[in-house]
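Here's the structure, in structure tokens; my notes come after.
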Number of protein chains: 2
Amino acid sequence: MAKHTGLMTIGQVAQQVEVASSTLRFYEREGLIRPTKRSKAGYRLFDREALEQLRFIRAGQAIGFALNDIKALLLLDEETSCKRVQRLIEQRLVEIDAKLVNLKRLRSTLNDALGRCRKSKRGCAVVADLKGMSKKRKTLYS
Amino acid sequence: MAKHTGLMTIGQVAQQVEVASSTLRFYEREGLIRPTKRSKAGYRLFDREALEQLRFIRAGQAIGFALNDIKALLLLDEETSCKRVQRLIEQRLVEIDAKLVNLKRLRSTLNDALGRCRKSKRGCAVVADLKGMSKKRKTLYS
DNA sequence: TCTAACCTTTAAGTTAGGTTTATGGTACGC
DNA sequence: GCGTACCATAAACCTAACTTAAAGGTTAGA
């Protein structure tokens, strides 16, 4: 198959980047990747660059970008001014900071409750806490 | 309506706890709440306790519990041993700690990239970073 | 009595990021 | 030339937590 061109079938690509073939077809439908060409029989054939692109996509996901954002990043193509990229990143940083604050607060709330819960003979401190919590704060988590 | 019983219609409850009426019907279907009674015409009527219960639900959501977990907590009812609650909380704490670690790492990655991105005249440091990232780490984010 | 703002139900739609199923063609080793 | 593993497509399904739509009954106020 694909004798000596360096091209790979969907399954080979899938194995390399550790995603399901169905996911790759889904990415293609969403406009995130495109096979280099098709074989006579209609098989998708990808070159090594596709691997790079897919790793880029997975890395983008790993840092919390939605596929739509990643698509935008892919369309930029390195030359383009990175203003837009900067804005995307800055936005993510704001979100992340908010999450960090909320998670830390949440952590200590739960940890305190757990401490009291472990000590108490009857009744549950955590449940009691939850009952009172909504009065104090709007969101602890996002 | 509901002249001098202290009962409220779904819309009144919805307004008090700031959720949509449809959400309350959804919660009922899911077994999270139940109206005290129905009016002659079939209108749901709730007492003040329902407000408490709903605030409990929202507080639970705010700290990252799924509705199913919250349902379990509601069924416990304060008397019950809080072993199960403890396990739920401990589990959440583990998740939270993992998230904190990932978010912090992510924050500094993005922040570094952003700094370099702001300085560079051409090409985008962030995009370049993303291209290299997948080789270094599995997950930065959850 | 009319009308606007409620309320009821069942069923289907939404979002994101895929996965699964049904049906059928292709490639390769023995 | 057979079996098995792989590929193709379209369309349906999945989760969570809701929202929206369609069709119709109720209530309060002027």
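A quick note: this is a predicted structure, and the numbers were derived from the prediction, not measured. The figures here come from the full heavy-atom set of this structure, side chains too, leaving out hydrogens, waters and symmetry mates. Here is the naming used below: chain letters follow the sequence lines, and residue numbers restart at 1 for every chain.
- Summary for the helix from C/dT1-D/dA30 to C/dC30-D/dG1: the axes at its two ends, each from 5 pairs, differ by 10° when rounded to the nearest 10 degrees.
- Residue A/Arg44 is classed as a sugar-phosphate contact, given heavy-atom separations below 4.0 Å to backbone atoms only.
- Atom CD1 in A/Ile33 sits about 11 Å away from atom P in C/dG18, given to the nearest Å.
- If you take CD of A/Gln12 and P of C/dC28, they are 10 Å apart, rounded to a whole angstrom.
- Along DNA chain C, the nucleotide closest to A/Lys40 and the one closest to B/Ile10 are compared, and the more 5′ of them pairs with B/Ile10.
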Got a list of protein N/O to nucleotides 17-19 of chain D N/O distances below 3.5 Å?
residue: D/dC18; atom: OP2; partner: B/Tyr27; partner atom: OH; Å: 2.9
residue: D/dC18; atom: OP2; partner: B/Gln61; partner atom: NE2; Å: 2.6
residue: D/dT19; atom: OP2; partner: B/Ser22; partner atom: OG; Å: 3.4
residue: D/dT19; atom: OP2; partner: B/Thr23; partner atom: OG1; Å: 2.3

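- For the pair B/Lys37 NZ and C/dT8 C1', the computed distance is 17 Å after rounding to whole Å.
- In this structure, B/Thr36 contributes its side chain and B/Phe46 its backbone to no donor-acceptor pair below 3.5 Å.
- Of all heavy-atom pairs spanning A/Leu32 and A/Leu67, the tightest one is CD2-O, 3.8 Å.
- Here the straight-line distance linking atom CD of B/Gln53 with atom CD1 of B/Ile70 works out to 10.5 Å at 0.5 Å rounding.
- At least one side-chain heavy atom of A/Ser39 sits less than 4.5 Å from a side-chain heavy atom of A/Leu45.
- Atom CG in B/Leu24 sits roughly 15 Å away from atom P in C/dC6 (whole-Å rounding).
- Under 4.0 angstrom from either OP1 or OP2 of D/dT20 there lies no side-chain N or O belonging to B/Arg25.
- Distance, A/Tyr43 OH to C/dG24 P: 16 Å, rounded to whole Å.
- Judged by distance alone, the side chain of A/Gln15 and the main-chain N or O of A/Gln12 form no donor-acceptor pair under 3.5 Å.
- Side-chain N or O atoms of B/Asp47 include one that pairs as donor or acceptor with a backbone N or O of B/Ala50 at under 3.5 Å.
- Counting all heavy atoms, side chain and backbone alike, A/Ile57 lies closest to A/Tyr27 at CG2-CE1, 4.1 Å.
- Distance B/Leu45 CG to C/dC7 C1': 11 Å, rounded to the nearest Å.
- Here D/dC7 presents its C1' atom at 12 Å from CZ of A/Phe46, a figure rounded to the nearest Å.
- The side chain of B/Ser21 sits closest to C/dC7 out of D/dC7, C/dC7, D/dT27.
- Under the salt bridge (Lys or Arg N to Asp or Glu O under 4.0 Å) criterion, B/Glu28 pairs with B/Arg38, B/Arg44, sequence neighbours left out.
- With hydrogens and angles disregarded, a donor-acceptor distance shorter than 3.5 Å links the side chain of B/Lys71 to the backbone of B/Glu30.
- Rounded to a whole Å, the CD1 atom of B/Ile57 is 15 Å from the C1' atom of D/dA16.
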